[in-house]
Amino acid sequence: MSFPLLTATAVLPAVGAIATAAVPAARRTAAKWLALLVSLATLALAVTVLVRFDPDGARYQLTESRSWIAEFGVRYELGVDGIGVALIALTALLIPFIVLAGWHDADPLETKSSRWRPTQGFFALILAVEAMVIISFAATDVFLFYIFFEAMLIPMYFLIGGFGDRAHSGTDENASAQRSYAAVKFLLYNLVGGLIMLAAVIGLYVVAGNFSLQEITEARANGSLEMATNTERWLFLGFFFAFAVKAPLWPLHTWLPNAMGEATAPVAVLITAVVDKVGTFAMLRFCLGLFPEASKWATPVILVLALISIVYGALLAVGQRDIKRLVAYASISHFGFIILGIFAMTSQGQSGATLYMVNHGISTAALMLVAGFLISRRGSRLIADYGGVQKVAPVLAGTFLIGGLATLSLPGLAPFVSEFLVLVGAFARYPVVGIIATIGIVLAALYTLVLYQRTMTGPVKPEVSAMPDLRARELLVVAPLIALLIGLGVYPKPLTELVNPAVKHTMSDVQQKDPKPDVEAAK
């Protein structure tokens, strides 16, 4: 029996979460170091998964299968394709940086409303989320995926509601109320989506007789399993709704700005760079794989919603006064690009969408974590409270600029390749959609450059005149992310070679081929 590498990669942070939570209250520093070491060990296992995966091999590799609930045909089945491997690697890569960036975010406070902040619990919850996300990216049993898709909401709820951002303009009581509101809103939105998906999961079992993704897709491909048109469409809508909430897609997005605004910067990164990727990943793996005809049927409406997300999110980002909410609305716009690439139904679009998931995770982590360091120094999230930072903290300003330029997809940085492929893929099949989507690029340049201008340039405000530059721990967080943004921007080939074979399988599932260029029209 081969070593269960995928299980080990998910179990290690789960065990680490339990061990971290069990560290005595007086030994907070030991809990932090334990969480960091566990996250680094998990990264080592994820790198092993990446090395052992053969992009030219079988579609699903490193597979594991065990009987779980035999009476209902539920199995513990894991397996990864190139897309799953890339996202597991992204998750394992970001968690150590999230832990380091949040090193002091859960230290005890002296205020009356926050007399006790369980440091151990903060880091244990982060590791628990990592474990659940990794299982979600590897699960090939629909019911197993659903369990962890929903379970990750619980630790996220406590991370948002229990460990909020300290930079709040109101009273402690007001800040606590807003954190609670953001956490409850996050939980309710995602629970509603999950309950609708549960009904669809049950319906899928009634139709297919099992929960195995591989068996169902193979049966659909060879014609041994047929679904009535209306049945397939209703099941697709049940799955897609849950994933659109998680992604998030307009108009199901409103929980994200609240959650990211009230959470600490590392938790905000955990939300948008890690957890939300489960939604877009699941659209590729489950919506297109299980319901190919319904996916094509719903494509026109989904493309319209994606376009609205792109433009609407960018417009609201332009008008934001809060740094973290600006990044949140920018992420809504970026998720619109990802969903546009998925449902463009072209290999360029879907490859671009997958790359976008990875590159957006890195760029958002870089920008949000540097923003968190900035906010922790000044004690305010308001853009108007800053000015002239580049004169007193040039390294902080420089890394903030690179993170911002990556957000607007500047050529030479990783997100540019992703956005270019998405737009090429969309334009190949839906030219009008591709043209409208470019509005998001213009608006991204506007909100990013205006943010940098208002916070980093101009006269030095008295409140930031003594602001220290990035410290060693903070540089250790930011420097590797900046290096990755530049490296993958200049040489994206390793990532494209990893995901392209998986994209071909997805295109085969929906029986779509890339449209041929209209040479005569081009003349």
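The first residue in the sequence is number 1, and the count goes up from there.
Residues Ile310 and Ile439 form no side-chain contact, since every pair of their non-hydrogen atoms from C-beta on lies 4.5 Å or further apart. Leu256 is listed as a side-chain neighbour of Asp276, based on a closest heavy-atom distance under 4.5 Å. A heavy-atom distance below 4.5 Å is not found between the side chains of Gln390 and Leu396. Two residues are said to be in side-chain contact when any heavy atoms from C-beta on lie closer than 4.5 Å; Thr264 and Phe122 meet this criterion. Side chains of Ile338 and Met357 form a contact here, defined as non-hydrogen atoms less than 4.5 Å apart. Within the 4.5 Å cutoff, the side chain of Leu326 has heavy atoms near those of the Ile383 side chain. The closest side-chain heavy-atom distance from Ile362 to Leu488 is below 4.5 Å. Two residues are said to be in side-chain contact when any heavy atoms from C-beta on lie closer than 4.5 Å; His360 and Ser418 fail this criterion.
Rounding to the nearest 0.5 angstrom, the gap separating the OG atom in Ser333 from the CD1 atom in Ile308 is 12.5 Å. Note that the CD1 atom of Ile134 and the CD1 atom of Ile88 stand 6.5 Å from one another [nearest 0.5 Å]. Atom CG of Leu382 sits about 12.5 Å away from atom CZ of Arg454, to the nearest 0.5 Å. Between Thr448 atom OG1 and Leu408 atom CG the span is 4.5 Å, to the nearest 0.5 Å. Interatomic distance, Leu125 CG to Met152 CE, rounded to the nearest 0.5 Å: 14.0 Å. Note: Lys185 NZ to Trp255 CH2 = 10.5 Å, rounded to the nearest 0.5 Å.
Within a 6.0 Å sphere centred on OH of Tyr205, heavy atoms belonging to other residues, nucleotides or ligands number more than 12. Around the CZ atom of Phe143, the shell of radius 6.0 Å holds no more than 12 heavy atoms that belong to other residues, nucleotides or ligands. Atom CZ of Phe427 has 12 or fewer neighbouring heavy atoms from other residues, nucleotides or ligands inside a 6.0 Å radius. Residue-environment remark: CZ (Arg378) exceeds the threshold of 12 foreign heavy atoms within 6.0 Å.
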Output, in order, the C-alpha distance, side-chain angles, deciding distance and verdict of side chain to side chain contact (heavy atoms under 4.5 Å, CB included) for Met260 and Lys324.
CA-CA 7 Å; Met260 288 185 66; Lys324 291 170 69 178; 5.7 Å; no

Run the numbers on Glu150 and Leu191 for side chain to side chain contact (heavy atoms under 4.5 Å, CB included), then give the verdict.
CA-CA 7 Å; Glu150 286 292 276; Leu191 277 179; 3.7 Å; yes

Please assess Phe373 against Thr399 for the test side chain to side chain contact (heavy atoms under 4.5 Å, CB included), listing each intermediate value before the final yes or no.
CA-CA 11 Å; Phe373 299 148; Thr399 53; over 6 Å; no

Apply side chain to side chain contact (heavy atoms under 4.5 Å, CB included) to Leu144 and Val74, showing your working.
CA-CA 8 Å; Leu144 177 67; Val74 180; 5.6 Å; no

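Remark: side-chain polar atoms of Thr272 are not paired, donor with acceptor, to backbone N or O of Ala268 under 3.5 angstrom. Side-chain atoms of Glu130 never come within 3.5 Å of backbone atoms of Ile126 as a donor-acceptor pair (strictly under, hydrogens ignored). Listed for the Ser309 side chain is no donor-acceptor partner under 3.5 Å among the backbone atoms of Gly336. The closest donor-acceptor contact from the side chain of His334 to the backbone of Thr407 lies under 3.5 Å. Judged purely by atom type and a 3.5 angstrom limit, Tyr146 uses its side chain to pair as donor or acceptor with the backbone of Gly194. The main-chain N or O of Gly403 is never found under 3.5 Å from a side-chain atom of Ser363 such that the two would form a donor-acceptor pair. A donor-acceptor pair under 3.5 Å is absent between the side-chain atoms of Thr231 and the main chain of Met227, judged by distance alone. Remark: side-chain polar atoms of Lys277 are not paired, donor with acceptor, to backbone N or O of Val358 under 3.5 angstrom. Within the 3.5 Å criterion, the main-chain N or O of Phe291 finds no donor-acceptor partner in the side chain of Arg233. Under a 3.5 Å cut-off, the side chain of Asn359 and the backbone N or O of Ala414 do form a donor-acceptor pair.
Nearest heavy-atom pair across Ala317 and Tyr329 is N-CB, 3.8 Å. The nearest pair of heavy atoms linking Ala46 to Ala89 is CB-CA, 4.5 Å. Here the shortest heavy-atom pairing between Ile375 and Tyr386 reads CA-OH, 3.4 Å. When all heavy atoms of Ser39 and Ile95 are compared, the pair lying nearest together is CB-CG2, 3.8 Å. Nearest heavy-atom pair across Leu94 and Ala273 is CD1-CB, 3.7 Å. Closest approach of Glu419 to Ser409, counting heavy atoms only: OE1-OG, 3.1 Å.
Taking the six-membered ring where the residue is Trp, the centroids of Phe186 and Tyr157 are separated by 6.0 Å or more. A ring-centre distance under 6.0 Å is found for Tyr312 and His253.
Under the 4.0 Å criterion applied to side-chain N and carboxylate O atoms, Glu474 and Arg377 are assigned as salt-bridge partners.
Here the options are Arg325, Arg179, Arg381, the test is salt bridge (Lys or Arg N to Asp or Glu O under 4.0 Å), and the partner is Glu262; only Arg381 passes. Partner Phe286 forms a side-chain contact (heavy atoms from CB on, under 4.5 Å) with one of Ile216, Leu213, Thr217 and no other, that one being Leu213.
A cation-pi contact links Lys246 to Phe149, judged by a cut-off of 6.0 Å to the six-membered ring centre and 45° from its axis.
By the 30° and 60° cut-offs, the orientation of the rings of Tyr356 relative to Phe337 is parallel. Using cut-offs of 30° and 60° on the angle between ring planes, the pair Tyr452 and Phe400 is parallel.
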